[in-house]
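Just so you know, these numbers come straight off a predicted model, no measurement behind them. Just so you know, ligand 1 is whichever comes first in the structure, and atom 1 is the first atom listed for that ligand. This chain uses plain numbering: 1 for the first residue, then up along the sequence.
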Amino acid sequence: MTIVDAIAEPLPRAVIDLAALRRNVAHLTELIAPAQTMLAVKADAYGHGLIPIAEAGLEAGATSLAVLEVPAGLVLRSAGITVPMLAWLHGRDTDWRAAIEADIELGISAVWQLEAIEEAGADRPAVVHLKVDTGLSRNGATREDWPHLIDAALDLERRGIVRIRAAWSHLADASIADDEAALAEFRSAVAEAEERGARFEVLHLAASSAGIRMPEARFDFVRFGIAAYGFSPFDDSTGAELGLEAVMRLEAPVTEVHVAGTTRARLAIGYGDGVPTLGIAKTSVLLAGRRCPVMAVEVDSMLVDAGSARVNVGDTAVLFGTGRSGDVTAEKYADWAETIADEMVTGVASRVPRVYVN
Ligand SMILES: *Cc1c(COP(=O)(O)O)cnc(C)c1O
């Protein structure tokens, strides 16, 4: 293959509209004021790209970042981002000392994590957010373990090894009733910790769902993820209905056209790039100004039926986008594939180039 061929190799791309991200973050931040926005940028910012999304979100009014694990926080610090960041998924290989010295705040669910902080021997106190499980059963001290976690943290605080900044939890968002029960559980856990002597600078509980529909769960900040990327956290509404815009548009070039009765076009994107193979019979893409049913999805390509449309090699098909110009949103595509928009965008393979606009 010559170099020219290599350059000309047709690639799918995920176009990331940073202006849409900024509008979403500004809109959500206004909605929850005086609470603030902690933008969730886990999983490479839900597939949108960690650093550009973090920077755009902060420009639009987010005041802190939720990064999931320490390495992502260190990447953001190396990019010169100085705002508060919270990392809460820790394992045996977590570099506690690097995290503390980079001022990455640590979500803490278990006493072993406090012991690891003490052993790390960092040059400053670790800033910790103590996490209680309020029913989701995903990473958070049980109510039984909570008093022990509080006492252990208070002991380290007295010795200057940690600074207790927050109590927090994560909601299941299965129903309003569940979230209300979890909110009551959270308040009771905070009261219990305060009785034992803990003093929290901030409290935080809500992600997109409760952040939007449960004002009493907003506390000091809301950890917005999916809504910031333009999608609804609810089954009964779309992102557009909530005033949000999809940030990612997934598109692929046509690489082959076969005309025999109807026109069939092959696109340079497949399941290896994150295109779902479920629900193909319902799925279509936007090509040549019309909706073209998907006939097959292969590892690196897919075949669509363009009917009587005139299609040329090099034309661009849109799998999902804003939903405003004949394309569908990732929410719609996710319905066809029996999944959720979060998985559609996060699942776009890292080999698909992200192209930033606005
Ligand atoms: C992913 C995540 C969020 C954001 O959730 P969304 O529902 O996408 O808004 C917030 N907090 C925690 C702990 C998370 O893991």
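Connectivity analysis of hydrophobic side chains (ILVMFWY, heavy atoms under 4.5 Å, direct or indirect) links Leu286 to Val318.
The closest donor-acceptor contact from the side chain of Arg249 to the backbone of Ile16 lies at 3.5 Å or more, if one exists at all. For Arg354 (side chain) and Gly47 (main-chain N/O), a donor-acceptor pair under 3.5 Å exists by modelled atom type.
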When you check ligand 1 against the protein, what N or O pairs turn up below 3.5 Å? List the atom names and distances, or just say none.
residue: ligand 1; atom: 8 (O); partner: Tyr46; partner atom: OH; Å: 2.6
residue: ligand 1; atom: 8 (O); partner: Ile226; partner atom: N; Å: 2.8
residue: ligand 1; atom: 9 (O); partner: Ser208; partner atom: N; Å: 3.0
residue: ligand 1; atom: 9 (O); partner: Ser208; partner atom: OG; Å: 2.5
residue: ligand 1; atom: 9 (O); partner: Gly225; partner atom: N; Å: 2.8
residue: ligand 1; atom: 9 (O); partner: Ile226; partner atom: N; Å: 3.4
residue: ligand 1; atom: 11 (N); partner: Arg223; partner atom: NE; Å: 2.8
residue: ligand 1; atom: 11 (N); partner: Arg223; partner atom: NH2; Å: 3.4
residue: ligand 1; atom: 15 (O); partner: Lys42; partner atom: NZ; Å: 2.6
residue: ligand 1; atom: 15 (O); partner: Arg138; partner atom: NH2; Å: 3.2

Distance-only check: which donor-acceptor pairs under 3.5 Å involve side-chain atoms of residues 29-42, not counting sequence neighbours?
residue: Thr29; atom: OG1; partner: Val25; partner atom: O; Å: 2.6
residue: Thr29; atom: OG1; partner: Thr37; partner atom: OG1; Å: 2.8
residue: Gln36; atom: OE1; partner: Thr63; partner atom: OG1; Å: 2.9

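For Asp17, the side-chain hydrogen bond (donor to acceptor under 3.5 Å, both in side chains) partners are Asn358, not counting sequence neighbours.
His204 and Trp168 have parallel rings, their planes meeting at less than 30° on a 0 to 90° scale where 60° marks the start of perpendicular.
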